[in-house]
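A short write-up of the structure that comes next.
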Amino acid sequence: MAPIISIRNLTKTYSNGFQALKGIDLDIERGEILALLGPNGAGKTTMISIVCGIANPSGGSVIVGGHDVVTEFRATRAMIGLVPQELTTDLFETVWNTVSFSRGLHGKKPNPAHIERVLRDLSLWDKKDNMLRQLSGGMKRRVLIAKALSHEPEILFLDEPTAGVDVTLRKDMWHVVERLRANGVTIILTTHYIEEAEEIADRVGVINGGRLLLVEEKKALMAKLGRKQLILDLAEPLEAVPPCLDGNGLSLGPNGTTLIYDFDAEHEQSSIAVLLSRLSAEGIHFKDLSTRQSSLEDIFVSLVGESK
Ligand SMILES: Nc1ncnc2c1ncn2[C@@H]1O[C@H](COP(=O)(O)OP(=O)(O)OP(=O)(O)O)[C@@H](O)[C@H]1O
Ligand SMILES: [Mg+2]
């Protein structure tokens, strides 16, 4: 099946001459959840704004559902819901009116039952008659999500939806996202909470300096780049790694009380067994052992660090 979003050699140079995107190529499949990670200023919001038709590309093309985002803006915009990073909403309007009006803006007929469902899903129902200025920051964020869902989009962009949001609300939001995914909605989100991407995304893209450094299935990425560590709590501290075991991915932890063995999770077969028997032959005993797998965060930090 053709990708629902197809981005080719996308560039963006702002009017002050700053080049925010330097040739992005990306296909997004229907129904997937793609997390875009990248440091501040990487170009995430710029890219999203172009796909949503609120900023113009300087070069390249973006096709959404078979339509060009520049020449067929109305068709592509109707397919997309955007939860923007910045709050941009009339504070003197009620929740109900704001969300209903947003549906109308996208050319959809009124559907109070749908609006009610969206507000209930986001725990905003009891605030529906409140003006936005009467809501807390986290509730205003929920209103942005409700607006983005008001016209039943096939594609949802969430640009840092959980920045500054408490843990409970964040969990609520991810339940909503999961329900949307179950209904076939394609979801692209940016986040600085990498554990969020780790939990929820099918694929992960990393952007830095206007370039897409990689985009890959999350599981494959973690298997490929992820390292594993075996950590042994020693019965007696060591001053150094014994020479006969040196050069085998072993290092000592603080105070020499732990021995850390770095290994490649994909290719590990029998080296742990060999290591343990050699330690025992050396008279090195341990009280406890545990393993640790590197997280998406470790992978992200090392990728972004390398690309500087
Ligand atoms: N209107 C503008 N004019 C000039 N430069 C801009 C404009 N908007 C953004 N930029 C620059 O483009 C770069 C990318 O910005 P963008 O907002 O896309 O980053 P981001 O990845 O979304 O960052 P964050 O994680 O902080 O939201 C930044 O260096 C920013 O200063
Ligand atoms: Mg941004």
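Both counts, for ligands and for their atoms, begin at 1 and track the order of listing. Only heavy atoms go into these numbers, but all of them, side chains included; no hydrogens, no water, no symmetry mates.
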Exercise for the section: Step by step, work out the side chain to side chain contact (heavy atoms under 4.5 Å, CB included) result for Glu152 and His114. Expected result: CA-CA 9 Å; Glu152 298 160 81; His114 174 69; 3.3 Å; yes
Could you find the nearest protein heavy atom to [atom] and give me its residue, atom name and distance?
{"atom": "atom 25 (O) of ligand 1", "value": "Lys44 NZ, 2.7 Å"}
{"atom": "atom 23 (O) of ligand 1", "value": "Gly41 N, 2.8 Å"}
{"atom": "atom 27 (O) of ligand 1", "value": "Gln85 NE2, 2.8 Å"}
{"atom": "atom 5 (N) of ligand 1", "value": "Tyr14 CD1, 3.3 Å"}
{"atom": "atom 26 (O) of ligand 1", "value": "Asn40 ND2, 2.8 Å"}
{"atom": "atom 22 (O) of ligand 1", "value": "Thr45 OG1, 2.7 Å"}

Exercise for the section: Indicate if the distance from the Mg ion (ligand 2) to the nearest N, O or S atom of Thr45 falls below 2.8 Å. Expected result: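 Here the distance criterion (N, O or S atom, under 2.8 Å) is met by Thr45, so yes.
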Problem - Contact flag Gln85/the Mg ion (ligand 2), N/O/S atoms, threshold under 2.8 Å - result: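 An N, O or S atom of Gln85 is closer than 2.8 Å to the Mg ion (ligand 2), so yes.
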Practice task
Compare every heavy atom of Leu82 with every heavy atom of Ile48, then report the nearest pair and how far apart it is.
Solution key: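 Minimum heavy-atom contact is CG2-CD1, 3.7 Å.
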Handout entry: Closest approach of Leu132 to Val95 (non-hydrogen atoms, all atoms of both residues)
Key =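 Answer, listing the atom of Leu132 first, then Val95: CD2-CG2, 3.8 Å.
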Can you find an N/O atom of [X] closer than 3.5 Å to an N/O atom of ligand 1?
{"X": "Ala42", "answer": "yes"}
{"X": "Ala20", "answer": "no"}
{"X": "Gly38", "answer": "no"}

Handout entry: Any non-hydrogen protein atom less than 4.0 Å away from atom 15 (O) of ligand 1
Key =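 Under 4.0 Å from atom 15 (O) of ligand 1, at least one protein heavy atom found.
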Problem - Contact bool for atom 30 (C) of ligand 1 (protein heavy atom, d < 4.0 Å) - result: no
Do the charged groups of [X] and [Y] touch, with an N to O distance under 4.0 Å?
{"X": "Arg203", "Y": "Glu216", "value": "no"}
{"X": "Arg8", "Y": "Asp27", "value": "yes"}
{"X": "Lys219", "Y": "Asp202", "value": "no"}

Handout entry: Sub-4.0 Å heavy-atom contact, His192 with ligand 1
Key = yes
Handout entry: Min heavy-atom dist Glu160 to ligand 1 below 4.0 Å
Key =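 The answer is yes, since Glu160 has a heavy atom less than 4.0 Å from ligand 1.
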Between [Y] and [X], is there a side-chain heavy-atom distance shorter than 4.5 Å?
{"X": "Leu230", "Y": "Ile272", "answer": "yes"}
{"X": "His285", "Y": "Glu236", "answer": "no"}
{"X": "Asp159", "Y": "Ile188", "answer": "no"}
{"X": "Ser58", "Y": "Lys12", "answer": "yes"}

Please identify which atoms of ligand 1 are closer than 4.0 Å to at least one heavy atom of [X].
{"X": "Asn16", "result": "4 (C)"}
{"X": "Gly43", "result": "14 (C), 18 (O), 19 (O), 20 (P), 21 (O)"}
{"X": "Thr46", "result": "14 (C), 15 (O), 16 (P), 18 (O)"}

Practice task
Verify, without hydrogens or angle tests, whether Thr11 (side chain) and Gly59 (backbone) share a donor-acceptor contact under 3.5 angstrom.
Solution key: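 Checking the backbone N and O of Gly59 against the side chain of Thr11, a donor-acceptor pair under 3.5 Å is found.
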